[in-house]
Amino acid sequence: MIKYIIFIYLSFLSIFYTGPSSAQTLYAVKWVSDGDTIVLMDGRHVRYIGVNTPEVKHADKKAEPYGYHAKNFNTKLLYSQRVRLEFDKERYDQFGRLLAYVFLEDGTFVNKAILEHGLAYCLPRRPNNRYDEVFLNSQRYAMSEKSGIWRQFNEKRGRYIANQRSKRFHQETCPFGKKTKERNRIIFKEKWEAFRAGFAPCKKCFGNYD
């Protein structure tokens with residue numbers, strides 16, 4: 001009787017078993033678009049969560065400093081590799097790209113590695129904030145080592161308005177910065193300190209930040 005009950009129980013479970021966890025699925029990389037975006041063999045574009053690398057050349061825009069350094073690093077890391085994707089609460093961005101934390105088969109955390117080498121800055125964006133603290137520590141390490149984009153950092157003292165809610169910092173003249181509520185507002189005199197505190201530059205007032 002007990003064996004029969006166990007058999008029925010296992011049969012019941014098998015109905016709902018869908019195979020290995022999707023978290024362990026490996027995907028072959030077809031193409032590296034730039035420092036923070038890849039294309040899988042199935043055609044899907046994957047945007048790395050939590051990081052932003054300098055842009056490479058586009059039809060109407062010239063390459064930013066270290067844009068190709070970031071792309072080459074990303075290519076070297078992922079060439080002929082398979083990756084595991086880990087997702088957070090929000091799966092797609094406004095362009096339909098998958099948002100993911102990307103890991104190599106040997107466990108290398110790609111998002112983190114790019115930050116550690118100074119080829120990106122942290123780009124916090126709720127609700128995908130699982131590794132924000134890990135990313136910020138990696139960025140601070142690169143800053144302390146003056147690696148990559150931090151080597152010849154273009155500092156300009158001023159008054160920068162940071163928003164604790166959006167995790168963005170703005171130039172003083174930026175209308176979005178001016179609208180920041182007092183309870184969410186922090187003032188920085190240096191961009192360096194805003195980056196070290198975990199804020200990313202507002203693209204509306206800084207443009208494509210270099």
Side-chain angles (χ1 to χ4, degrees), residues 21-25 27 33-38 40 44-55 70 73-74 77-78 83-104 107-145 147-150 160-171 174 176-177 179-188 190-209:
S21 169
S22 59
Q24 301 303 316
T25 302
Y27 301 92
S33 298
D34 53 30
D36 52 38
T37 310
I38 56 175
L40 304 179
R44 288 183 295 172
H45 291 242
V46 179
R47 174 65 164 83
Y48 300 167
I49 295 174
V51 305
N52 192 56
T53 61
E55 298 291 336
F73 177 81
N74 201 21
L77 205 59
L78 275 71
V83 295
R84 176 174 66 84
L85 304 181
E86 183 178 318
F87 304 107
D88 212 321
K89 294 177 182 177
E90 191 173 78
R91 287 228 180 178
Y92 296 93
D93 68 6
Q94 67 270 36
F95 304 110
R97 298 176 298 187
L98 270 175
L99 298 172
Y101 306 110
V102 180
F103 297 83
L104 297 178
T108 300
F109 191 177
V110 178
N111 310 49
K112 179 174 179 285
I114 290 172
L115 286 165
E116 285 178 342
H117 283 77
L119 297 172
Y121 59 78
C122 292
L123 188 68
R125 182 165 290 164
R126 297 187 305 171
N128 294 347
N129 54 11
R130 184 178 304 156
Y131 292 105
D132 278 5
E133 187 173 345
V134 172
F135 291 162
L136 182 54
N137 287 335
S138 298
Q139 175 176 289
R140 285 173 175 170
Y141 170 78
M143 293 176 78
S144 68
E145 295 292 310
S147 300
I149 63 175
W150 311 111
Y160 302 100
I161 302 170
N163 187 323
Q164 293 189 84
R165 183 173 175 80
S166 68
K167 302 301 289 184
R168 299 290 179 269
F169 70 91
H170 310 260
Q171 296 191 52
C174 177
F176 294 97
K179 291 179 181 178
T180 303
K181 294 181 180 179
E182 203 63 40
R183 65 175 180 271
N184 295 323
R185 180 178 296 206
I186 298 178
I187 302 298
F188 291 101
E190 294 181 345
K191 291 178 289 184
W192 184 273
E193 290 307 313
F195 278 113
R196 273 197 59 82
F199 294 87
C202 163
K203 284 203 169 186
K204 293 293 184 181
C205 60
F206 283 101
N208 288 325
Y209 188 80

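Not measured: the values here are computed from a predicted model.
Salt bridge present: Glu86 and Arg130 bring a charged side-chain N and a carboxylate O closer than 4.0 Å. Contact check on Glu193 versus Lys191 returns no salt bridge, with no Lys/Arg side-chain nitrogen under 4.0 Å from an Asp/Glu carboxylate oxygen.
In this structure, the side chain of Thr37 does not engage the main chain of Asp34 through any donor-acceptor pair within 3.5 Å. A donor-acceptor distance shorter than 3.5 angstrom exists from the side chain of Ser138 to the backbone of Val134, with no hydrogens or angles considered. Not one N or O on the side chain of Asn128 forms a donor-acceptor pair closer than 3.5 Å with the backbone of Asp88. A donor-acceptor pair under 3.5 Å is formed between the side chain of Asp36 and the backbone N or O of Thr53. Without hydrogens or angle criteria, Asp93 side chain to Gly96 main chain gives a donor-acceptor distance under 3.5 Å. Proximity of a side-chain donor or acceptor of Arg140 to a complementary backbone N or O of Arg196 within less than 3.5 Å is detected.
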* Starting from the C-alpha separation in whole Å, work towards a yes-or-no answer on side-chain contact (heavy atoms from CB on, under 4.5 Å) for Arg165 and Arg126. => CA-CA 9 Å; Arg165 183 173 175 80; Arg126 297 187 305 171; 3.0 Å; yes
**Request:** Just do the ring pair (Phe, Tyr, Trp, His ring centres under 6.0 Å) check on Phe188 and Phe199 with the steps written out, would you?
**Result:** CA-CA 11 Å; Phe188 291 101; Phe199 294 87; 5.6 Å; yes
Go through the steps for Leu98 and Tyr92 under the test side-chain contact (heavy atoms from CB on, under 4.5 Å), then give the verdict.
-> CA-CA 5 Å; Leu98 270 175; Tyr92 296 93; 3.6 Å; yes
Handout entry: Worked verdict on Leu99 versus Arg91 for side-chain contact (heavy atoms from CB on, under 4.5 Å)
Key = CA-CA 5 Å; Leu99 298 172; Arg91 287 228 180 178; 6.0 Å; no
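Cation-pi geometry between Arg97 and Phe95 is not met at under 6.0 angstrom from the ring centre and within 45 degrees of the axis. Relative to the ring axis of Phe206, Arg168 does not place its NZ or CZ within 45° and under 6.0 Å from the centre.
The minimum heavy-atom distance linking Ala200 with Pro124 is given by the pair CB-CD, 4.2 Å. Annotation for Ala120 and Ile114: closest pair CB-CG2, 3.5 Å, computed over non-hydrogen atoms. Contact between Lys167 and Ala197 at its shortest, heavy atoms only, is NZ-O, 4.1 Å. Residue Val46 comes nearest to Ala100 through the heavy atom pair CG1-CB, 3.8 Å, listed as atom of the first residue, atom of the second, then distance. Of all non-hydrogen atoms in Val110 and Asn74, the two that sit nearest each other are CG1-OD1, 3.9 Å. The shortest heavy-atom contact between Ile149 and Pro54 is CG2-CG, 3.9 Å.
Within 6.0 Å of CZ on Arg185 lie more than 12 heavy atoms contributed by other residues, nucleotides or ligands. Annotation: Phe109, atom CZ; neighbour count of heavy atoms from other residues, nucleotides and ligands within 6.0 Å is above 12.
Using a 4.5 Å heavy-atom cutoff, the side chains of Leu85 and Phe103 are not in contact. The closest side-chain heavy-atom distance from Lys112 to Tyr101 is not below 4.5 Å. Counting heavy atoms from C-beta on, the side chains of Arg84 and Thr25 never come closer than 4.5 Å. At a threshold of 4.5 Å between non-hydrogen side-chain atoms, the residues His117 and Ser147 do not count as touching. At least one side-chain heavy atom of Leu115 sits less than 4.5 Å from a side-chain heavy atom of Cys122. Proximity of Tyr27 to Arg44: side-chain heavy atoms (C-beta onward) are separated by under 4.5 Å at one or more points.
Here the OG-NE2 distance, from Ser33 to His45, works out to 6.0 Å after rounding to the nearest 0.5 Å. In this structure, CZ in Phe135 is found 10.5 Å from CG in Leu123, a value given to the nearest 0.5 Å. Here Leu78 contributes atom CG and Ile38 contributes atom CD1; the two are 5.5 Å apart, rounded to the nearest 0.5 Å. Interatomic distance, Tyr131 OH to Ile49 CD1, rounded to the nearest 0.5 Å: 9.5 Å.
Residues Phe169 and Phe195 bring their aromatic ring centres within 6.0 Å. Taking the six-membered ring wherever Trp is involved, the centroid distance between the rings of Tyr160 and His170 does not fall below 6.0 Å.
Between the side chains of Arg47 and Asn52, at least one donor-acceptor pair of N or O atoms lies under 3.5 Å. With no hydrogens or angles considered, no side-chain donor-acceptor pair links Asn111 and Tyr48 at under 3.5 Å.
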